[in-house]
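Here's the structure, in structure tokens; my notes come after.
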Amino acid sequence: MAQAGKGKLNYRCPSCFMRDIDIDMFYDEDKKEYYCIRCCYHGSEEDVLQKNQMARFRYKSMLKRFDFDDDGQKERK
Ligand SMILES: [Zn+2]
């Protein structure tokens, strides 16, 4: 499905994503930057992509650790 309107692409805010908040950022054409209306994060597309990747990686390893803890408890029982 095509996305109309703001920006070329919608990126989620990496800063909010770290706090479990999934929010799209807006694009400031003057500054060529993406910015978040919820927190004060703003950055270039490159910066956003990089931070999003970091956030995803961290989020994933967090989930992994929780799974591992669960298993540990089951085994102890
Ligand atoms: Zn944000």
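Note: hydrogens, waters and symmetry copies are ignored here, and every other heavy atom, side chains too, is used. Counting convention: from 1, in listed order, for ligands and their atoms alike. Since this is a predicted model, take the numbers as computed values, not measurements.
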Hits for ring-ring contact (aromatic ring centres under 6.0 Å, His included) against Phe17, two or more places apart or cross-chain, chain-then-number order -> Tyr59

Checking Asp22 side chain against Arg12 main chain: does a donor-acceptor pair fall under 3.5 Å?
-> no

Pairwise side-chain contact, Cys39 with Cys13, heavy-atom cut-off 4.5 Å (strictly under) | yes

Residue pair His42 / Asp28, side-chain heavy-atom distance below 4.5 Å | no

Counting no waters, how many protein N/O/S atoms sit under 2.8 Å from the Zn ion (ligand 1)?
-> 4

Tyr41 side chain near Asp47 side chain, heavy-atom distance below 4.5 Å | yes

Side chains of Tyr11 and Glu45: is there a donor and an acceptor less than 3.5 Å apart?
-> yes

